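See below for the structure under consideration.
In what follows, chains carry the letters A, B, and so on, assigned in the order in which the sequence lines appear, proteins first and then strands, with residues in each chain numbered from 1. Worth knowing before you read on, the calculation uses all heavy atoms, side chains too, and leaves out hydrogens, waters and symmetry mates. In this text the structure is predicted, and so the values were computed from the model without any measurement.
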Amino acid sequence: MGDLKELADYAVDYAKDKTDAIIARCMKTSGSQIRFSHNAIDISKRWELLQIQLFAVVNGAKTGFTERAVSSKDDVKSIVDDLVVFTQILPDSQFFAGLEDKTQSYPELKGQYDEKFDDFVEDAPHIINAVAEEAVSAGAKRVAGALRFDKSEFFFRSSLGPEGSGKRTFFDLNVRALQEELDYSGQGLSCGVKPSKSKDDMIAAGEKAGRFSKQAIGAVQGKPGIYDLVLSPAVGANVIGSIPGLANPFAILIGQSPLGDKIGEQLAPDFVSVTDDPLFDGGLASRRFDWEGTPSQKTKIFDEGVLKSYMHNTSTAKMFETESTGNSNLTGWQMKLLVPTPSNIVFSNGDHKVEELLEVSRPTIYVTCNWYTRFQNSQTGDFSTIPRDAMFLIEKGEMKPIKNMRISDNTMRMLSNIDALGNDRTQIFWWEVRTPTIIPTMRIRDCKMTAATQ
Amino acid sequence: MDGKELAEYCVDFGSKLGARYVEARYVNDITRGLAYRNGQPVSGGYSPATGIGVRVLVDGGLGFASFDRLEKKLAEETISVAFKMAKNAKRKEPIDMGEPVSNEEKWQMKAKESLKDVDMETMMKLSDEVNKQMEGLAAFTFLINPKVMDKFIVTNEGTKIESQLSYILMYSMLTAKAPGGSEQKYLDLTLAGGWERIRDTKLVERVGDEVERLKTAANEAVKIDDLLSKPIDMIVGPEVAGIIAHENVGHPSEGDRIKGREAAQAGESFWRDLKIGESRVGSDAVTVSEDPTIPNTSGFYLYDDEGVKARKRVLIKNGILNEPLLNREFGTKFGMRSNAAARSTGFNREPIIRMANTYFEAGDHSFEELVEDVKYGVYMRGFKEWNIDDRRYQSKYTGSEAYLIKNGEITDTMVKRPIMETTSIGLLSALDAVSKNLSFDFPGTCGKSDPSQGIPVYAGGGELRFRDIRLGGVG
């Protein structure tokens, strides 16, 4: 941590007189991943990164960022010089309204670091083998997946006062179990912050994937129509769990959110409450403060189904004449922007066992995994997504495997049609869910399922 | 020690550890960018990404090490960890890279006006011109990121390839409001080459044209229920041809999918159960190719990221599966050789099988000839929402700009969001003619793998005519 602090401090001290404000965040990451298919390891990867991120404000309202590898104070000096020169010639930002300028104490956050992480690195290949064996025992013929596990630490300092540090570990495992045929597959997921204590959960993911794959054998073409849907936490996190994350002023301002002008409206049933919770115990995105140094807090987004609040950073809070909710983040692909983003999206747990959700008298389909969600219109929520892996038609108390269908509906209508929540709240993070989402199985009334016409 | 020297040292170090194959890739990638919302600047950024990625093949297991500081000690530590992990994989079936490859070459994407020399004022001036074209929309964004990537690949088999790629990455999200609701369109405007490509391709005018088309669609497109009542003929433009070539043909042709390596991520492929060289998946009119050697495209390269010389690949020839996309590992698994499909998005990603430029080979019809033979149908010029299952068999394309065709003529009636929801074989079998107007109207960012690798590609074709398509999905 000493090196990180030294580099970040140097960046801020050196840049202080050249900028109106600067934030420096120095982060060191050791990451690993094991990918496997056909029950065998395909590749083992290792990343070693030490990067500095800088966000500078120059001449009042010109804002620029940079991110790059750093080794020494000399590197920092040239990075700051480059950034200042670059930012000086930018146009004034019409979106920047300030940064956190108060130095405050930060809430405690314990248990985000696995002290036995290094031992886990040694164990990981054996765990992969155990996961694959469990999937095969449960009925799979082929097993594929990826296990990612990282440890990182960072130091952050703003020229306006706030500073802080943190360290974290995390893992995420995605297991897919298959038969010899292409059609009959099942998925298991496991993620968290303490890999060394999660071996049982990882093996359970293998068992679940194998069991679903076996249950999917003999799946037949589903019949298009209107059904109630039971969505596993993985599917719910992608289709419904993405909505609270759009309580985001930036998304609203660029026309990518269905939640503009809807504060105070009842958009979900009263048993659905959702918070953005950066202090969630074991949350993959848990943190004590945001990218600007605003203390983390829970933000109630949906309270008993009513849209209560948007997530803000300092700039959007000023634009909306409110307070920052501590959701500032430097984010984006290719081009990073300082905008609000969700941390952990946390749904209220339900009181139904999953088996109860599946005890139905109406035409119902149980969807265990999905991918490739795309929108016709992000403002209205018109979308479609493809169930993948095991999917079941529930008829006369039996689960019959079906395949080759598409959910083609509207996310806002589906949110309002949630019929019941399970009591199996689970943290989801995988390829299709990039915001850690803690969410139970849910049942939704009257959803449109389509299929290929030829 | 500079990046190239350190890459060479990594190869020596990996070989001394006992790796059978060692490949080091030094990448120096410089991206600058500006972001606008509704014509107003949001922020700017400058991100050099420099580092080295090393692959080692040890006892039949593959390891990948990457690091961002060009330090000898860090290189040794990281490669040693990857070496150990690869050794511990203890594969029963060893990975085999096939015959050694030893190419030495220097190549670069043609750029008359180097992107490194383009100043911020020039970028801002262009941005203002583009933003002006979008005025009148309810919401619009514009991101511009010129990017120059220098690469040096060296292996213990004697390969040494130096290259430079130049992209002007540009993206827009447009929202047009109309009394009947809003319509949105995502534009990927990415160009490959130097700054002259902005003028050569008439970028500003093209944006203006797309904006006007979206506004018109928002105001005028109507649902036509009769189109759902019976099979109709569909003609699609080069943008839609491109996405079909990419999704329904390119992805399932990827060797790693066919053999199951991507099973838990991007998925497998319906090609797995078919016979290459024998199985028919489309009509005689379907010939789809993949060619990285086309200048001024995002998929351009002359040697892939394993140092294999690039060439054109014909994926489907007259409706019959012809050739999969292969890297060295999967070339061996197929009993063939690599056809140079290995690409990586950065120093911190392994090279995997990727598309480059995927397209329907041009036919011999004019567009007018395609239309004049349609009594009742739809011309879908562009698309918006789309998806396809992970075997690449069931796809959906929703039209963003579509017109009713009646009695051999395109009418002024715009059709609201027509949906082609079909299987790959169902769709390709319904194709009866391709126009001669080959155009790469679909620049895209192709996603695959974990961690994700979004890579620039082009796709296209001439206009395609499909017979007896039942629109709308069912349900």
Just by distance, do the side chain of [X] and the backbone of [Y] share a donor-acceptor pair under 3.5 Å?
| X | Y | answer |
| --- | --- | --- |
| Q94(A) | V42(B) | no |
| R37(B) | L253(A) | yes |
| Q184(B) | G255(A) | yes |
| R261(B) | F36(A) | no |
| W47(A) | N348(B) | yes |

Whether the [X] and [Y] side chains hold a donor-acceptor pair (N or O, under 3.5 Å, no angle test) is what I'd like checked.
| X | Y | answer |
| --- | --- | --- |
| R35(A) | Q265(B) | yes |
| T175(B) | Q379(A) | no |
| T423(B) | Q454(A) | no |
| T453(A) | T422(B) | no |
| S384(A) | N387(B) | yes |

Under 4.5 Å heavy-atom distance to chain B, tell me which part of [X] shows up: side chain, backbone, both or neither.
| X | value |
| --- | --- |
| Q88(A) | neither |
| F96(A) | neither |
| D382(A) | side chain |

Worksheet item: Step by step, would you call I419(B) with Q376(A) a side chain to side chain contact (heavy atoms under 4.5 Å, CB included)?
Response: CA-CA 11 Å; I419(B) 293 171; Q376(A) 285 183 15; 4.0 Å; yes
Heavy-atom cut-off 4.5 Å, strictly under: side chain, backbone, both or neither for [X] against chain A?
| X | answer |
| --- | --- |
| I388(B) | both |
| E329(B) | neither |
| F347(B) | side chain |
| Y36(B) | side chain |
| S449(B) | both |
| A430(B) | side chain |
| S395(B) | backbone |
| E350(B) | side chain |
| P451(B) | both |
| A139(B) | side chain |
| T398(B) | side chain |
| A86(B) | backbone |
| E93(B) | neither |
| S400(B) | neither |

Worksheet item: Do you know which of S37(A), S185(A), S44(A) has the most heavy-atom pairs under 4.5 Å to chain B?
Response: S44(A)
Practice prompt. Dump the intermediate steps for side chain to side chain contact (heavy atoms under 4.5 Å, CB included) on E268(B) and R142(A), then the final yes or no.
Written response: CA-CA 12 Å; E268(B) 299 191 293; R142(A) 299 182 289 139; 2.7 Å; yes
Fill in: Intermediate values then yes/no, side chain to side chain donor-acceptor pair (under 3.5 Å), Q394(B) and R406(A)
CA-CA 9 Å; Q394(B) 301 199 84; R406(A) 185 177 267 105; 5.8 Å; no
List the atom pairs, donor and acceptor, that lie under 3.5 Å between side-chain atoms in residues 56-70 of chain B and the rest of the protein, sequence neighbours left out.
from	atom 1	to	atom 2	distance (Å)
D59(B)	OD2	K87(B)	NZ	3.1
D68(B)	OD1	L50(A)	N	3.3
D68(B)	OD2	L50(A)	N	3.0

Look up atom [atom1] in [X] and atom [atom2] in [Y], then write down how far apart they are to the nearest 0.5 Å.
| X | Y | atom1 | atom2 | result |
| --- | --- | --- | --- | --- |
| L338(A) | S43(B) | CG | OG | 8.0 Å |
| I43(A) | R55(B) | CD1 | CZ | 6.5 Å |
| K396(B) | T385(A) | NZ | OG1 | 10.0 Å |
| I254(A) | M173(B) | CD1 | CE | 7.5 Å |

Discussion item. Which one wins on heavy-atom pair count under 4.5 Å against chain A: E77(B), M124(B), R272(B)?
Written reply: R272(B)
Fill in: Partner set under ring pair (Phe, Tyr, Trp, His ring centres under 6.0 Å) for W371(A), not counting sequence neighbours
W431(A)
